[in-house]
Amino acid sequence: RALKHLGHDARVMIPLYGTIDLSRHNLSYVYKDLGVPTAPLGKGSRLICNVRKYEPKEFNRNPVTTYFLENREYYELRSNVYGYTDDRIRFALLSRGCLEFLNSWQEWLPDIIVSTDWMTGYLPNFLKTDYKDFKLLKNISAVFSIHNLASQGTDKLEKYTPETKKDDGYGAIPDFFSYRMKDINAMKRGIIYADAVNTVSPTYAKEIISEEFGEGLENLLREKSAKLHGILNGIDYDTYNPATSQFLAVKFTSQQAEARVDNKLALQKRFGLSQNKDVFMVGIVSRLDRQKGFNLLQPIIDVFLRVTRAQLIIVGTGDTEIMDFFRTLEEKFPEQVRTFMQFDSSLPYLVYAGCDVFLIPSKFEPSGLTQMEAMRFGAVPIARKTGGLADTIEDLYPGENQGTGFLFENMDSQELLIAMTRAYVNWRHKSEWKNLQKRVMEKDFSWDRSAQEYIDLFRKVISVNKEEANKQ
């Protein structure tokens, strides 16, 4: 939507997942009986698909024009978006189906295609090999976007794969039904064949060329570093707006941050905690995964809660061991800790608006969105200085009227405790804390800012490709 707001014709193509309610959306057919080859060079069998189209009646907060690849066996009969043993077939079908549709339909062609993560890492590969001589497609540029390098489309990550089993990335993608598909590293192929590669934060783009964060692909990424970019994700400022959100007890702006107190009291009431505006409240809204670094709390959280008498609210689901840890903590501190281990799309807003600080001690974080969402509602982040967290949070320098949160460097429990203690001590100075909340709320993480960076990248890629084409 942000790209369209800036005057560009941005469209989306996704599978017609079984979770999409056709009775609610008018999705018209634009192409029927699209034959998608399953083998190199158009050989082998073909999977027959249809393509539906969503066209917004008016452009405001509606989605942009979206195409849906329809295939009953691989999409509509599935209850989940992914998590199946044949996911490689399902997403290779999407990648190749997109190109076949553009070549066959011929009513609209993009200048550039952005594919995301391993699921569509096949697309740049197909575009630059099987479809490189197709008149309508050969001038389309490809950008590959990495959100999580740790998921590569293979049974094992590159760094754990024996050399004899590793995909070199240059051979043809085999028939979709071949046993060899399980060894195809679609993440690697997206990196190799795309005209440009971007990650979702500048710091993560630097981190992934190191062994610590490269997941076995660091050498390839260093080799391709000239085309590697980092553009920070954005959030929807209409959706995450404390002045209009229907999920808050009291709406507010950065000029009315004192109204957050009413949301704090409402949050305490919602969770059955004692209602006290003068209690330090810590919030967590997260996927409870080892990547998120919550294991760092285990040696330190008891003493922190006893000394500060803080309240802690955890909202999220995930790893059973981490969920059990937080449930046990709730039993140990029944007057201070509450957990909500279920999905709830509205509850995070009240947590953001009611807690004083928001905790994100991630081991790695390609971009991170929850810290931006929480900051939009005035919650001050406590985070590890990594990836997108390092790009969105400036460590506080007391007395200098700058900084937007509390950062720690290493995966170390004592460093996290120091950061949490710093936050608690600063929170007790109400005037300075109010100024900090105002700075936090007024940071610009909107998609309008990020969209302009993407436009600059797209223009650069298209220009370079045109120059290369003119030389041939």
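Keep in mind it's a predicted model, so treat the numbers as computed, not measured.
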Charged N to carboxylate O below 4.0 Å: is that the case for Arg1 and Asp238?
no
When you check the gap from the basic side-chain N to the acidic O, do Glu321 and Arg290 get nearer than 4.0 Å?
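Arg290 and Glu321: salt-bridged.
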Per the side chain to side chain contact (heavy atoms under 4.5 Å, CB included) rule, which among Gln371, Glu394, Glu442 passes with Thr404?
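Result for side chain to side chain contact (heavy atoms under 4.5 Å, CB included) with Thr404: Glu394.
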Indicate the atoms forming the closest heavy-atom contact of Leu288 with Ile322, along with that distance.
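Heavy-atom minimum between the residues: O-CD1, 3.7 Å.
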Can you classify the ring geometry of Tyr349 versus Tyr240 as parallel (below 30°), tilted (30 to 60°) or perpendicular (above 60°)?
parallel
Should Lys206 and Asp391 count as an ion pair when the cut-off is N to O under 4.0 Å?
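No, this pair does not count.
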Give, for atom CD of Gln246 and atom NZ of Lys251, the distance between the pair rounded to the nearest 0.5 Å.
8.0 Å
Give the intermediate values and the outcome of salt bridge (charged side-chain N to carboxylate O under 4.0 Å, His left out) for residues Arg78 and Asp87.
CA-CA 11 Å; Arg78 309 300 176 92; Asp87 274 352; 5.3 Å; no
Donor-acceptor under 3.5 Å (Lys159 side chain, Gly214 main chain)
no
With a 3.5 Å distance limit and no angle check, can you tell me whether Arg384 reaches the backbone of Lys363 through a side-chain donor-acceptor pair?
yes
Rounded at 0.5 Å granularity, tell me how far OG in Ser254 sits from NZ in Lys443.
14.0 Å
Distance alone, cut at 3.5 Å: any donor-acceptor contact between the side chains of Gln452 and Asp456?
yes
Donor + acceptor pair across side chains of Glu218, Ser210 (<3.5 Å)
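Glu218 vs Ser210: no donor-acceptor pair found between side chains.
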At their closest point, which heavy atom of Gly121 faces which heavy atom of Phe144, and how far apart are they?
CA-CE1, 3.6 Å
Side chains of Asp344 and Ser346: any donor to acceptor distance under 3.5 Å?
yes
Can any side-chain N or O of Gln311 pair as donor or acceptor with the backbone N or O of Val279 at less than 3.5 Å?
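No; judged by distance alone, with no hydrogens or angles, the pair does not exist.
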Just checking, Lys156 and Tyr160: is the charged tip under 6.0 Å from the six-membered ring centre and within 45° of the axis?
no
Backbone of Gly272 reached by a side-chain donor or acceptor of Arg338 within 3.5 Å
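Indeed, once roles are kept as given, a pair shorter than 3.5 Å links the two residues.
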Pair Thr253-Gln256, side-chain donor/acceptor within less than 3.5 Å:
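There is such a pair between these side chains.
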Are side-chain heavy atoms of Leu297 and Leu359 found at a separation under 4.5 Å?
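Counting from C-beta outward, Leu297 and Leu359 do come under 4.5 Å.
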At what distance, to the nearest 0.5 angstrom, does CD1 of Ile14 lie from CE of Met119?
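Going from the CD1 atom of Ile14 to the CE atom of Met119 covers 12.5 Å.
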Look at the side chain of Ser450 and the backbone N and O of Leu232, then say whether any donor-acceptor pair between them is shorter than 3.5 Å.
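Yes, the answer is positive, given that a donor and an acceptor are paired below the 3.5 Å cut-off.
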Centroid-centroid under 6.0 Å between Phe294 and Phe325 rings:
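So the answer is no for these two rings.
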Any donor-acceptor N/O pair, Gln342 side chain to Thr317 backbone, under 3.5 Å:
no
Without hydrogens or angle criteria, can the side chains of Asp448 and Tyr237 be said to hold a donor-acceptor pair below 3.5 Å?
no
Got a second to check how far Glu330's CD is from Met341's CE, nearest 0.5 Å?
7.5 Å
Spacing of Thr392 atom OG1 and Glu365 atom CD [to the nearest 0.5 Å]:
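Here the interatomic distance stands at 9.0 Å.
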Least distance between heavy atoms, Ile382 atom then Ala423 atom
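Nearest heavy atoms, Ile382 then Ala423: CD1-CB, 3.7 Å.
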Main chain of Ser115, side chain of Thr120: is a donor-acceptor contact present, judged purely on distance under 3.5 Å?
no
Got a salt bridge between Lys292 and Asp319, using NZ or NE/NH1/NH2 to carboxylate O under 4.0 Å?
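Salt bridge: no.
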Note, Met420 side chain near Ile301 side chain (heavy atom, < 4.5 Å)
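Side-chain contact under 4.5 Å: yes.
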CG on Leu312 to CZ on Phe304, rounded to 0.5 Å
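Output value for this atom pair is 9.0 Å.
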Lys/Arg-Asp/Glu bridge criterion (N-O < 4.0 Å) met for Glu453, Arg449
yes
Indicate yes or no for a side-chain donor-acceptor contact from Ser413 to the backbone of Leu296 under 3.5 Å, with no hydrogens or angles considered.
yes
Under 3.5 Å side-chain donor-acceptor pair for Asp356 and Trp433:
no
Got Met13 and Val51 here, is their nearest side-chain heavy-atom distance under 4.5 Å?
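A side-chain contact under 4.5 Å exists here.
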Under a 4.5 Å cut-off applied to non-hydrogen side-chain atoms, are Leu248 and Phe377 in contact?
yes
Residue from Val143, Asn198, Val461, Thr199 passing side chain to side chain contact (heavy atoms under 4.5 Å, CB included) with His229:
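Exactly one candidate clears the test, Asn198.
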Which atom of Leu109 lies closest to which atom of Leu102, heavy atoms considered
CD2-O, 3.7 Å
Could you check whether any side-chain N or O of Thr66 sits under 3.5 Å from a backbone N or O of Val64, counting only pairs where one atom can act as donor and the other as acceptor?
yes
When you check the gap from the basic side-chain N to the acidic O, do Arg376 and Asp236 get nearer than 4.0 Å?
no
Does the side chain of Leu436 come within less than 4.5 Å of Phe406's, by heavy atoms?
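They are in side-chain contact.
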So which atom in Phe326 and which in Thr339 form the shortest heavy-atom distance, rounded to 0.1 Å?
O-CG2, 3.6 Å
Only one of Tyr122, Phe176, Trp118, Phe126 clears ring pair (Phe, Tyr, Trp, His ring centres under 6.0 Å) with Phe91; which?
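Exactly one pass, corresponding to Trp118.
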Asn50 vs Leu16, side-chain contact (heavy atoms from CB on, under 4.5 Å): CA-CA, chis, key distance, verdict
CA-CA 10 Å; Asn50 300 317; Leu16 184 64; over 6 Å; no
Where the side chain of Asn185 meets the backbone of Lys188, is there a donor-acceptor pair that is under 3.5 Å apart?
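Yes, Asn185 side chain to Lys188 backbone: donor-acceptor pair under 3.5 Å.
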Cationic tip of Arg90 above Tyr84 ring, under 6.0 Å, 45° of axis
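Output no; distance or angle outside limits.
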Heavy atoms of other groups near Arg327 CZ, more than 12 under 6.0 Å:
yes
Should we count CD of Glu335 as having more than 12 external heavy atoms under 6.0 Å?
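Counting other residues, nucleotides and ligands, CD of Glu335 stays at 12 neighbours or fewer.
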Nearest heavy-atom neighbours spanning Leu69 and Cys49
CD1-CB, 3.7 Å
Below 6.0 angstrom between ring centroids: does that apply to Trp105 and Tyr31?
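Not close enough - the centres of the two rings lie 6.0 Å or further apart.
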How about Tyr82: does its OH atom have over 12 heavy atoms from other parts shown lying under 6.0 Å from it?
no
Show your working on side-chain contact (heavy atoms from CB on, under 4.5 Å) between Phe68 and His25 and close with a plain yes or no.
CA-CA 12 Å; Phe68 297 86; His25 306 287; over 6 Å; no
